[in-house]
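One structure is given here, and the rest of the page talks about it.
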Amino acid sequence: MIQGFCITGIILVVFMAVCIVMMGRIKKEIVNTMRFLFAVAILTVLCNIAAVLTVEGEEYFAMLMHGLYFALTDWLVVALFYFAKHYTGYFDKNKTVVGIFSFFSIVDTISLLANLYFKHIFYCEWTDIYQGTLEYSCYAVHTRMPGYLSHILIVYSMALFVMGVFFVKARNTIKLYRRKYDVILYSFVIILGVNIVYRFANIAIDISVIFYVLLAIAIGYFGLLYIPKGLTARLLSFSVKDMSMGILCFDLVGNCIYVNDMAKRLFGQAQCKDYEFFEKYYADWLEEQGDEELVDTTWREQQIEGDKINYYETKFKRLLDDDGNFVGAYFSIVDMTEEITKYERERYRATHDELTGIFNRVGFMEQAHMVLENDPDTKRCIMYVDVKDFKLYNDMFGVEAGDKLLIKIAGIMRQEYPENIVYGRLSGDRFAVCMPVERFDEQRITDYIKTAAAKDGNDVYHVHIQLGIYFITDPTMDVSVMCDRARIAIQSIKSDYQKYAAYYDEKLGDQLYKEKKLISGFEEAMDDGQFRMYLQPQIAADGTLLGAEALVRWMHPVDGLIPPIAFIPLFEQTGYIHKLDMCVWELACRQLAQWKKMGREELHISVNISAKDFYYIDLYETFTGLVKKYEIAPKNLKLEITETAVMTEMSKQLKLLDRLREFGFHIEIDDFGSGYSSLNTLKDMNVDVVKMDMGFLKKTEHQDRSRIIMDAMIAMSKKLGIAVITEGVETEEQVAFLRTAGCDMFQGYYFDKPMPVEQFEEKYKVS
């Protein structure tokens, strides 16, 4: 019996020592507590074995070993508590309990060691152990003193406390994790039971020490290996089971070992109890692969269920062991229906116009490019459709009516071009069609346009739609360039209400090239100072020089002098005009500052304000800032505007002009008597000067009537206290007439053409 006990103990000690070495590779706090537990268990077993193997006559040594054994049982429970603390998370930051355990263990250890001298706890006797016949003799704890009860009380109290920790944790956790604590708790109960049997039975050798070691080994195995791996497997199982993708796993020979709920639903087998269906699916799939070596692969497929199309993505993945051997495989199946449907909806919104439902600019460009790329041999054309004065239509009848008109045009396109023709709404009121040349019929399209252009619920306004057509010569050209060419064709008939269609030709192409060149060269021209200010003198009725109008010329380093008519309208379209205007204003103010230094502060310079300047620039801050910067009088910088420049948001613009006049600027109405100017302008606008154009006389055969009207306009302005300047004066006869009519100032070729500043100063002796 004793030999078996000792051999078993030694084997377990060696095993635990190996475990301690192996656990040294794991850097975790809980592993450190387990190594401590194993070390104490080893010492406990060794002390007990040493006590049992002590020879007769060495009573002192036997007493020492038994005392150390009893003391180590205290520290074994302390080690168990350390483990429980980290394993359960209870008392993780509470050092009080640890301190109490350590205190009583230290006191008990000292008391047990003192027992060598005082024998107040136990003493040993040489005892014969019988098992049928005399088998062995050893020093056994044969007589226990009252102090022994305090040792038992300390050990069992601490042990019961540790058991309580595991019990409370097991009861307060969910069923999945309860086993993690129950296994250790049950092992603890068994060991405690064996120890109680030893304590109260008349057994010479404490065989429960072997169970201490078994407890430590059980804790190590279940705490670090079995239960964590089991939990991992269960958690993975739950994770896979609730995945949004279907999972099918097969072993080496094709047996189905796992199918999650999603896979069952995707295959319509939600109620199946076995895996026969899935094994057949795998076998059929393998048969389709033939004799080819299995490789990881992915494919997509779709299934039609009634009116709904479902999309699935399936992945086949081989399972390999650590040596790279094929051990099984699995399929993962993802339902892509919602994702693909969402993508298609987003794709539709990205390529289709929300209002009309036809292609938008992006969709039209992509689809037209695809058609031209797939069938480059078919002759096609681009038809650009533009609703003339659509903004005015919106202003007159409302945005809702404008939207209905656009929807109507899109509907006509659907009706006329159902197949093999790409059409879309590029922006606002502009549409485009890419069609085979053989399908293009100007008369038929014009008839449809007239249908859309019919009176749209009113008796005063007719919608006018114009077409620009570009016959495609190079199908590889960017579709946007093709549309630009068709749009350029429309520009050639923009002001002609009698024409519906225009065709792009090389002349228009050359014009486009020139325009692009001017636009691309604008910024460089600004930086290099290529824009020069020219001055055209403004003369008083008595011939005195009053000042000049600032005009702009582009002195190109290669092309030479570029006239304003070539770039001013273009910059007004592109929005560059406000930058150019600000450049001229700066030059004018700088020139006025120089004249002031020369003592010619009586001279003024008039500058033009375009309609778009009201939107791009804070005119009040800009002009007041300029006159302050150059320290010039505001009245010397005259501001010329046209009536059309203030037609939009008129009340707001009139308030702005009033603020400028209050600051000291003089406001001039340009081209009064032509274009949109009317007597209503003089009624509503506070201005200082009216500028009339002598071209008013040239535009009619009734010269006498025109003179009478001009005479009346000058007289009316004078009565309103508004000065009058006439531009475009070319003959002495016109000068005479205007002087008689009471005109205050003159400007025109009769006096001088616009000229560079240096020439102006030299001719008019401005020094």
Side-chain angles (χ1 to χ4, degrees), residues 529 531-541 543-555 564 568 577-610 613 617 619-642 645 657 660-661 663-672 687-693 722-729 743-749 751-767:
F531 293 107
R532 308 289 176 80
M533 182 178 68
Y534 273 47
L535 298 176
Q536 186 173 28
Q538 294 179 338
I539 308 298
T544 305
L545 176 68
L546 299 175
E549 179 181 4
L551 303 168
V552 66
R553 299 293 184 268
W554 188 346
M555 299 300 297
I568 293 293
I577 191 66
H578 74 281
K579 293 184 179 181
L580 182 59
D581 283 346
M582 290 184 68
C583 172
V584 175
W585 300 341
E586 184 91 22
L587 293 173
C589 291
R590 188 181 301 162
Q591 192 59 53
L592 287 171
Q594 291 181 3
W595 288 350
K596 179 181 178 182
K597 292 179 181 178
M598 297 176 184
R600 300 301 302 272
E601 197 170 355
E602 80 282 2
L603 298 177
H604 69 257
I605 295 180
S606 298
V607 294
N608 291 284
I609 303 175
S610 67
D613 290 337
I617 305 170
L619 292 176
Y620 183 83
E621 291 296 329
T622 299
F623 283 119
T624 56
L626 283 172
V627 297
K628 290 176 182 177
K629 175 182 177 181
Y630 289 100
E631 298 179 350
I632 57 176
K635 66 183 181 62
N636 288 347
L637 184 68
K638 298 186 181 297
L639 310 180
E640 290 190 16
I641 61 170
T642 60
L657 297 180
L660 289 169
R661 290 186 75 246
F663 192 83
F665 292 101
H666 286 187
I667 307 298
E668 300 180 1
I669 299 180
D670 196 11
D671 294 335
F672 190 81
V687 297
D688 301 285
V689 180
V690 167
K691 194 172 190 179
M692 294 190 298
D693 191 348
I722 301 173
V724 178
I725 180 173
T726 307
E727 64 178 343
V729 180
C743 184
D744 302 293
M745 293 176 283
F746 306 92
Q747 178 182 341
Y749 282 9
F751 298 95
D752 254 319
K753 295 180 179 181
M755 63 187 73
V757 175
E758 297 79 5
Q759 184 180 341
F760 178 88
E761 290 180 333
E762 181 180 353
K763 184 170 184 178
Y764 290 94
K765 295 180 173 50
V766 179
S767 60

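Please read these numbers as outputs of a predicted model, since none were measured by experiment. In what follows, every heavy atom counts, from backbone to side chain, and hydrogens, waters and symmetry copies are set aside.
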Short question: side chain of [X], backbone of [Y] - any donor-acceptor pair under 3.5 Å?
| X | Y | value |
| --- | --- | --- |
| His604 | Leu546 | yes |
| Trp595 | Arg590 | no |
| Asp688 | Ile667 | yes |

Quick check: do [X] and [Y] have side-chain heavy atoms less than 4.5 Å from each other?
| X | Y | result |
| --- | --- | --- |
| Asp752 | Tyr764 | yes |
| Leu657 | Ile641 | yes |
| Phe751 | Leu545 | no |
| Lys629 | Cys589 | no |
| Asp581 | Ile617 | no |
| Phe665 | Leu619 | no |
| Ile568 | Ile577 | yes |
| Glu761 | Arg600 | no |

Option among Lys753, Gln747, Glu549 that satisfies the side chain to side chain donor-acceptor pair (under 3.5 Å) test with Gln536
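In the set Lys753, Gln747, Glu549, the residue that makes a side chain to side chain donor-acceptor pair (under 3.5 Å) with Gln536 is Gln747.
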Least distance between heavy atoms, Cys743 atom then Thr726 atom
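It is SG-OG1, 3.1 Å.
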Test side chain to side chain contact (heavy atoms under 4.5 Å, CB included) on Val689 and Val724; report intermediate values, then the result.
CA-CA 6 Å; Val689 180; Val724 178; over 6 Å; no
